[in-house]
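Let me begin by presenting the structure, written as structure tokens, before commenting on it.
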Amino acid sequence: MGTVEPVVDEENGEKEPKIRDEEERDVEKGDMDSQQRGFQGQPPPPPPPAEIGGENFHMSRMQRLSATNPLRLVMNAGTRVASPSPYNAPAPSQHRQHRYFPNPFHHRHPPAPVPAPSQHRHSPVPVPVPVPAPSQHHPSPAPSQTRSTPAVTPQPSVITLNSRSYTNKFSLFLFLVHMIGAIGLVCFLVFKGIQGLLEAGEAQRKEKRLLKFFLPQVEAASLLSITLAFTWQKAMRMWPTFMVHFILWGSFIFTLAAGILLICFQRPSTDGVGVVLIMFAIGNGLYSCWVTPRIKFCTKILIKSLEPVPKFGDLNHPTYLTLAAGFLWMSMWILAVIGAINFYFPPLVIIGLVLSMAWVTEVMRNVVNLTVSRVIGLYYLRGMQSSTQFCFQRALSVNLGSACLGSLFVPTIEVLRVVARALNLLEGEDEFMFCCAHCGLKIMDSIFKRGNGWAYVQIATYGKSFVKASQDTWELFEKREMETIVDSDMTSAICFLTGVCSGSICVIVIGAWTFTVYPNFTATLSLLSAYVGYLLTRIAMALPHACVSSYYVCYAENPDNRLFDKTIQDRLNSMKTDRDVIVPTPRSVPSRFAR
């Protein structure tokens, strides 16, 4: 840069001294011409050729100069049309916005500022200046003109809290088709029941007997279960420590009492139901003993997660509306069951109605779960006081498809996972059977990561699909090393056993009532009342369950939030230092089966 390469005159063999003298004259001539033209848009006419030192000026000398030679840079700047002058540089704020775009056809640097030409004592000799053709002009582009694509930095995806796209549309479509079919079938069966009631004969006598000794007990079971549901929920919010112990051992006592009561009726049908209830009570008692070390931590999390509930006075309104709708649908459903007596294949029709009722009530429970999860989740993540009504509307519209899909698969996955874990707790010499059990556990764990009940928090908060929310939530738990704590959480089991408590109490009340008025319906109504009591109670217990789920998921997303304390972190630290022992849960293949 700045040095002139030696150029040899092909005709006379003269070297650098003469060239420098000519360069100085060329610089003077070029500068003076550019000032006289004032950078007008039209190029000046080419000057006549002149003699310099008795020798003609050859254009080949200019072409031989280096592209970075100051003389060539000045000459190019002097002959360009409407090029920005270095003396008229823009303001600093504007100059920062100007971007230089290199000419792909001329590899050169932008012209540097040239000092003002000095006054010589003699007039410079005119030197022919090369004038480019009009087609070769390359005016300097304006700052707004872009000739090259700048590198685009990938921006992170913006997470929206008000997504309007429907999630899991196919499962939503299936549920709507199912509801249309279920409503049509229920209306048709109610019509058949009224028709059989009006026609004289055996069908009329059956239906009158059912309406007298069957319908009142089911309606009473529905009302009793709704009352118990709100009682358990209120007590859980006011005395969580007491209620955790009460539910664990109360479910055992009530189930055992219901089984003993049915066996005392001394009827074959009631004896079978009573034995099943007693076996379940034994398993319930064993579970209560097994999870005793977890009770203290479960109580701490439950107390902490229920703290935001009083800030939202209408948080329970979706539960009221859902239970009212559930009671009305249950009443219509009972009439349809009675009407199925006069239809073809009554057992198959009744089984179909039972499965339909299970799906509908589970969707109702998850709608409440999504509503509470959005309200509490946004409170933890953004500190927002969300509208419960708006969150309830989103759960019934935008996120309903995810609630339908989760209602189908989450209970099934949980049951199969519990069975696989129970098989892995057993020890035996048959390696083939237990290798199959371990393989089944691995498969269920893999499925659980793609479909679990923890997903409802991110479904409600971010509007994700069910599978995506399940995967993202479990990845958050693994990132924070919380999978062991989450996997041993008792909240879901407590809510399940609360439904068992209500069902067992309904069995005791309805079974004793039915045995007094019409003993033939005792076993049937006992099972039906337990089923109704469990389903309706689970809807009300969705509120504490959603609060605990939101606490875990939001903590995993932002553990430094001031709304969280050190309960989970202290638990993790104590587990790492072996100061806190968690009841082991089979999660992997033992070493003796690993090959």
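Computed from a prediction, not measured in an experiment: that's the story for all the values here.
For Arg480 against Glu557, the heavy-atom pair with the smallest separation is NH2-O, 3.7 Å. Of all non-hydrogen atoms in Ala258 and Val507, the two that sit nearest each other are CB-CG1, 3.8 Å. Across every non-hydrogen atom of Leu353 and Trp333, the tightest pair is O-NE1, 2.9 Å. Scanning all heavy atoms of the two residues, the minimum distance from Ala469 to Ala455 falls at CB-O, 3.6 Å. Across all their heavy atoms, Phe466 and Gly451 have their closest contact at CE2-CA, 3.6 Å. Of all the heavy atoms in Ala556 and Pro559, the pair that sits closest is O-CD, 4.2 Å.
Side-chain atoms of Leu528 and Phe214, non-hydrogen and from C-beta on, do get closer than 4.5 Å to each other. Considering only heavy atoms from C-beta on, Leu416 stays 4.5 Å or farther from Ile447 through its side chain. For the pair Asn561 and Cys554, the minimum side-chain heavy-atom distance is 4.5 Å or more. Here the side chains of Ser470 and Trp474 are not in contact, with every heavy-atom distance at 4.5 Å or above. Residues Tyr456 and Val553 fail the side-chain proximity criterion, which asks for heavy atoms closer than 4.5 Å. Under the 4.5 Å side-chain criterion, counting only non-hydrogen atoms from C-beta, Ile376 is in contact with Leu315. You'll find the side chain of Phe392 stays beyond 4.5 Å of the side chain of Ser387, heavy atoms only. Looking at Arg237 and Pro544, their side chains never come closer than 4.5 Å, going by heavy atoms from C-beta outward.
The ring-ring contact (aromatic ring centres under 6.0 Å, His included) check on Tyr534 picks up Phe496, with sequence neighbours excluded. In terms of the side chain to side chain donor-acceptor pair (under 3.5 Å) criterion, Gln217 has no residue partners (sequence neighbours excluded).
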#### Entry: Worked check of side chain to side chain contact (heavy atoms under 4.5 Å, CB included) between Leu277 and Ser504
CA-CA 9 Å; Leu277 291 178; Ser504 300; 5.7 Å; no
### Message
Using side chain to side chain contact (heavy atoms under 4.5 Å, CB included), reason through Leu400 and Leu370 one step at a time and then give a plain yes or no.
### Response
CA-CA 9 Å; Leu400 185 59; Leu370 287 171; over 6 Å; no
### Query
For Lys464 and Thr167, what are the C-alpha separation, side-chain angles and deciding distance, and is it a side chain to side chain contact (heavy atoms under 4.5 Å, CB included)?
CA-CA 7 Å; Lys464 298 181 180 180; Thr167 58; over 6 Å; no
#### Entry: Steps toward side chain to side chain contact (heavy atoms under 4.5 Å, CB included) verdict (Glu307, Leu563)
CA-CA 10 Å; Glu307 287 181 358; Leu563 297 175; over 6 Å; no
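Ion pairing between a basic and an acidic side chain is recognised when a charged N comes within 4.0 Å of a carboxylate O; Asp487 and Arg421 show such pairing.
Arg450 and Ser446 form a side-chain donor-acceptor contact under 3.5 Å, judged by distance and modelled atom types alone. Judged purely by distance below 3.5 Å, without hydrogens or angles, the side chains of Ser502 and Trp232 pair a donor atom with an acceptor atom. If you check the side chains of Thr522 and Thr514, you find no donor sitting under 3.5 Å from an acceptor.
Classification of the Tyr380-Phe564 ring pair by plane angle, with boundaries at 30° and 60°, yields tilted. Note on ring orientation: taking the six-membered ring where Trp is involved, the planes of Tyr552 and Trp454 are perpendicular (angle over 60°, cut-offs 30° and 60°). A perpendicular orientation is assigned to the rings of Phe252 and Trp249, their planes being inclined by more than 60° (bins at 30° and 60°). Classification of the His178-Trp359 ring pair by plane angle, with boundaries at 30° and 60°, yields tilted.
We find the CZ-OG1 distance between Arg538 and Thr361 to be 10.0 Å, quoted to the nearest 0.5 Å. Note that NZ of Lys234 is 11.0 Å distant from CG of Leu543, once rounded to the nearest 0.5 Å. How far CZ of Phe515 is from CG of Leu262: 10.5 Å, rounded to the nearest 0.5 Å. One finds the CG atom of Leu189 at 9.5 Å from the CD1 atom of Ile350 (value rounded to the nearest 0.5 Å). Interatomic distance, CG of Leu497 versus CE of Met541, reported as 10.5 Å (0.5 Å rounding). For the atom pair Met330 CE and Ile226 CD1, the distance stands at 8.0 Å (nearest 0.5 Å).
Thr270 contributes no side-chain N or O that, together with a main-chain N or O of Ala523, makes up a donor-acceptor pair within less than 3.5 Å. Side chain of Asn369 to backbone of Arg365: no donor-acceptor contact under 3.5 angstrom is found. Between the Asn573 side chain and the Gln569 main chain, a donor and an acceptor come within less than 3.5 Å of each other. The backbone N or O of Ile485 lies less than 3.5 Å from no partner atom in the side chain of Arg571, so there is not a single donor-acceptor pair. In this structure a side-chain-to-backbone donor-acceptor pair under 3.5 Å is missing from Tyr379 to Lys311.
No more than 12 heavy atoms of other residues, nucleotides or ligands lie within 6.0 Å of CD in Glu481, so this atom counts as exposed by the packing criterion. For CD of Gln389, the number of neighbouring non-hydrogen atoms (other residues, nucleotides, ligands) closer than 6.0 Å is 12 at most.
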